[in-house]
Amino acid sequence: MKEIIISSSQAEQTVFKFVKKYLNEAPLSFIEKLFRIKDVKINGKRVNKNVVIHEGDIIQIYVSDQQLSEFNKPVDITLIKNMPNIIYEDENILVCSKPKGLLVHGDEHEKRMTLSNMVLSYLYQKGEYNPRLQSGFVPGPAHRIDRNTSGIVLFGKNIKSLQALEDMFKERSSLHKYYLALVCGTLLTGGKIDLPLFKDEQEGIVMVKPVSQGGKEALTEFEVKENFKYYTLVEASLITGRTHQIRVHFQGIKHPLVGDGKYGNIQTNRIFEKKFKYKGQFLHAYKMKFDEVEGVLSYLSNKEFVCPLNEKEEKILSQIRKEQ
């Protein structure tokens, strides 16, 4: 049996989440079984997996020494020379600028060089995070953006802050995300794109589909920032947060994102790539704006963080303007 006294950095999460992170090498089925047979206790009492743990609670996990040795492994910190591009930092959060081409989380092709690993390496080298002393919580991003989308990503450095950010992204009430996108064709005025979206998990694509056929409500608002001869620069705001929402919504109104290999115009993309040596969608998460915020992050009320376009995209826009 393993007994853990919950620290402030581990508190305020469900006991299931804590045990899953503590036994980070255990199969999910093993964790589920522990709760099913009541082999997890809080302060000596059997509990269900949705109970929230608090600082000072004593968690008892009934596993053998061999199971503990096999399933409880410290998070492997990959020391990375590249430091994250930090827009803002305090004791609770990190606001980072993710470059185009970098993953937020690892996948089957790339597990080492990710924004999350860069942040963990940075915090480890600062002495703010040590996985051997802080099992049960790992600082992490509150949301993600696509590999080929650049811009702002918010990280929580402790459990309360990460949960607060995740709740704001989920509820979409006090935190607003704004993107800059270059789309094909001419849009004279802004507006709303109200098209339900369906994600085909097997094919890995998203498409416009009626709610009656499995689509989910999706709403994007946008403003026209600048018109060009063949393109339009827009500011898009996500009211809902569906996968690939901006990309599929602008495709749905016949103005796909320039460079979008999955949802864009193949001919336009080829011309743009050849001329500007630019591949991938022209999409940048450039601003996060907070309304009134309660709780641990209340000091962020009415603040906004801006991440300007990268130099490469700015040069492309300047070149397009000169050719008008």
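The basis for the numbers below is simple: all heavy atoms, side chains too, and nothing from hydrogens, waters or symmetry mates. Given the structure is predicted, the values throughout are model-derived calculations rather than measurements. Numbering starts at 1 and runs along the sequence shown.
Gln67 places a side-chain heavy atom less than 4.5 Å from the side chain of Phe30. Using a 4.5 Å heavy-atom cutoff, the side chains of Lys98 and Thr149 are not in contact. Annotation: side chain of Lys177 is in contact with side chain of Arg172 (closest heavy-atom distance under 4.5 Å). You'll find the side chain of Ile159 stays beyond 4.5 Å of the side chain of Phe18, heavy atoms only. Two residues are said to be in side-chain contact when any heavy atoms from C-beta on lie closer than 4.5 Å; Phe155 and Pro139 fail this criterion. Contact of the Lys17 side chain with the Gln163 side chain is not registered, since no non-hydrogen atoms from C-beta on lie closer than 4.5 Å. Asp146 is listed as a side-chain neighbour of Gln281, based on a closest heavy-atom distance under 4.5 Å. Val63 has its side chain out of reach of Asp39: every pair of non-hydrogen atoms, C-beta onward, lies at least 4.5 Å apart.
Remark: side-chain polar atoms of Asp90 are paired, donor with acceptor, to backbone N or O of Asn92 under 3.5 angstrom. Panel note: side chain His143, backbone Leu154; a donor-acceptor pair is recorded below 3.5 Å. Between the side chain of Asn72 and the main chain of Leu23, no donor-acceptor pair closer than 3.5 Å is present. Judged by distance alone, with hydrogens and angles left aside, the side-chain atoms of Asn158 form a donor-acceptor pair with the main-chain N or O of Ser161 at under 3.5 Å. Under a 3.5 Å cut-off, the side chain of Asp57 and the backbone N or O of His54 do form a donor-acceptor pair. Formation of a donor-acceptor pair under 3.5 Å by the Lys209 side chain with backbone atoms of Leu197 is not found in this model. Remark: side-chain polar atoms of Lys289 are not paired, donor with acceptor, to backbone N or O of Tyr178 under 3.5 angstrom. Judged by distance alone, the side chain of Thr232 and the main-chain N or O of Gly185 form a donor-acceptor pair under 3.5 Å. Panel note: side chain Asn50, backbone Thr14; no donor-acceptor pair is recorded below 3.5 Å. Proximity of a side-chain donor or acceptor of His244 to a complementary backbone N or O of Ile205 within less than 3.5 Å is not detected.
Hydrophobic cluster membership is shared by Phe16 and Val51, with clusters built from Ile, Leu, Val, Met, Phe, Trp and Tyr side chains linked at under 4.5 angstrom. No continuous path of hydrophobic side-chain contacts links Ile152 to Leu283 [ILVMFWY only; heavy atoms under 4.5 Å]. If you chain together hydrophobic residues whose side chains sit under 4.5 Å apart, Leu238 and Leu195 fall into the same group. Phe169 and Ile87 fall within a single hydrophobic cluster, where Ile, Leu, Val, Met, Phe, Trp and Tyr are joined by side-chain heavy atoms under 4.5 Å apart, directly or via other members. Linking ILVMFWY side-chain heavy atoms closer than 4.5 Å, directly or via other members, places Leu175 and Tyr299 in a single hydrophobic cluster.
Other residues, nucleotides and ligands contribute over 12 non-hydrogen atoms within 6.0 Å of the NZ atom of Lys100. Lys274 NZ: 12 or fewer foreign heavy atoms inside a 6.0 Å radius. Glu3 CD: more than 12 foreign heavy atoms inside a 6.0 Å radius. Around atom CD of Glu91, more than 12 heavy atoms belonging to other residues, nucleotides or ligands sit under 6.0 Å away. Annotation: Phe35, atom CZ; neighbour count of heavy atoms from other residues, nucleotides and ligands within 6.0 Å is above 12. Within a 6.0 Å sphere centred on CD of Gln267, other residues, nucleotides and ligands contribute 12 heavy atoms or fewer. Atom CD1 of Ile5 has 12 or fewer neighbouring heavy atoms from other residues, nucleotides or ligands inside a 6.0 Å radius. Around the CD atom of Glu25, the shell of radius 6.0 Å holds more than 12 heavy atoms that belong to other residues, nucleotides or ligands.
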Is there a side-chain contact (heavy atoms from CB on, under 4.5 Å) between Glu12 and Glu55? Walk through the geometry before answering. CA-CA 8 Å; Glu12 307 310 318; Glu55 184 176 0; 5.9 Å; no

Before you tell me yes or no, could you show the steps for Glu323 and Lys275 under side-chain contact (heavy atoms from CB on, under 4.5 Å), namely the whole-Å CA-CA distance, both residues' side-chain angles and the distance that decides it to 0.1 Å? CA-CA 12 Å; Glu323 296 174 356; Lys275 184 172 184 177; 2.5 Å; yes

Could you walk me through whether Lys21 and Gln13 pass side-chain hydrogen bond (donor to acceptor under 3.5 Å, both in side chains), step by step? CA-CA 11 Å; Lys21 293 171 186 173; Gln13 60 182 312; 3.2 Å; yes

Apply side-chain contact (heavy atoms from CB on, under 4.5 Å) to residues Ile59 and Tyr22 and explain how you reach the verdict. CA-CA 11 Å; Ile59 307 298; Tyr22 191 83; over 6 Å; no

Worked check of side-chain contact (heavy atoms from CB on, under 4.5 Å) between Tyr230 and Val258: CA-CA 10 Å; Tyr230 301 110; Val258 172; over 6 Å; no

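Looking at every heavy atom in both residues, Tyr286 comes nearest to Tyr179 through CD2-C, 3.9 Å. The shortest heavy-atom contact between Ala285 and Cys307 is O-CB, 4.3 Å. Shown here for Asp260 and Lys262, the closest heavy-atom pair between the two residues is OD1-N, 3.0 Å. A pairwise comparison of heavy atoms in Lys160 and Val296 identifies O-CG1, 4.0 Å as the closest pair. When all heavy atoms are compared, the tightest approach of Thr243 to Val206 is O-CG2, 3.6 Å. Contact record, Val293 with Ser301: N-OG, 2.8 Å, taken as the closest heavy-atom pair.
Considering CG of Leu257 and OG1 of Thr268, their distance stands at 12.0 Å, rounded to 0.5 Å. From Glu32, atom CD reaches atom NZ of Lys20 across 8.5 Å, with rounding to the nearest 0.5 Å. For the atom pair Gln319 CD and Ile316 CD1, the distance stands at 8.0 Å (nearest 0.5 Å). Rounded to the nearest 0.5 Å, atoms NZ (Lys225) and CG (Leu187) are 14.5 Å apart. Atom CG in Leu102 sits 6.5 Å away from atom OG1 in Thr114 (nearest 0.5 Å). Separation of atoms NE2 (His105) and CG (Leu103) is listed at 10.0 Å; rounding is to 0.5 Å.
Checked against the 6.0 Å centroid criterion, the rings of Tyr231 and Phe272 qualify as a close aromatic pair.
By the 4.0 Å N-to-carboxylate-O rule, Glu226 lies close enough to Arg321 to be salt-bridged with it. The existence of a salt bridge linking Glu89 and Lys157 is confirmed by a sub-4.0 Å separation between a basic side-chain nitrogen and an acidic carboxylate oxygen.
Alongside Met1, the hydrophobic cluster contains Tyr62 (criterion: ILVMFWY side chains under 4.5 Å).
Residues satisfying the side-chain contact (heavy atoms from CB on, under 4.5 Å) test with Gln251, not counting sequence neighbours, are Val248, Pro256, Tyr263. By the ring pair (Phe, Tyr, Trp, His ring centres under 6.0 Å) test, Phe290 is found to be paired with no residue, residues two or more places apart in sequence or in another chain being considered.
A side chain to side chain donor-acceptor pair (under 3.5 Å) with Thr240 is found for exactly one of Glu217, Lys216, Gln245, namely Gln245.
A donor-acceptor contact under 3.5 angstrom links the side chains of Ser121 and Gln125, judged on distance only. Remark: the Glu128 side chain and the Tyr122 side chain contain no N/O donor-acceptor pair separated by less than 3.5 Å.
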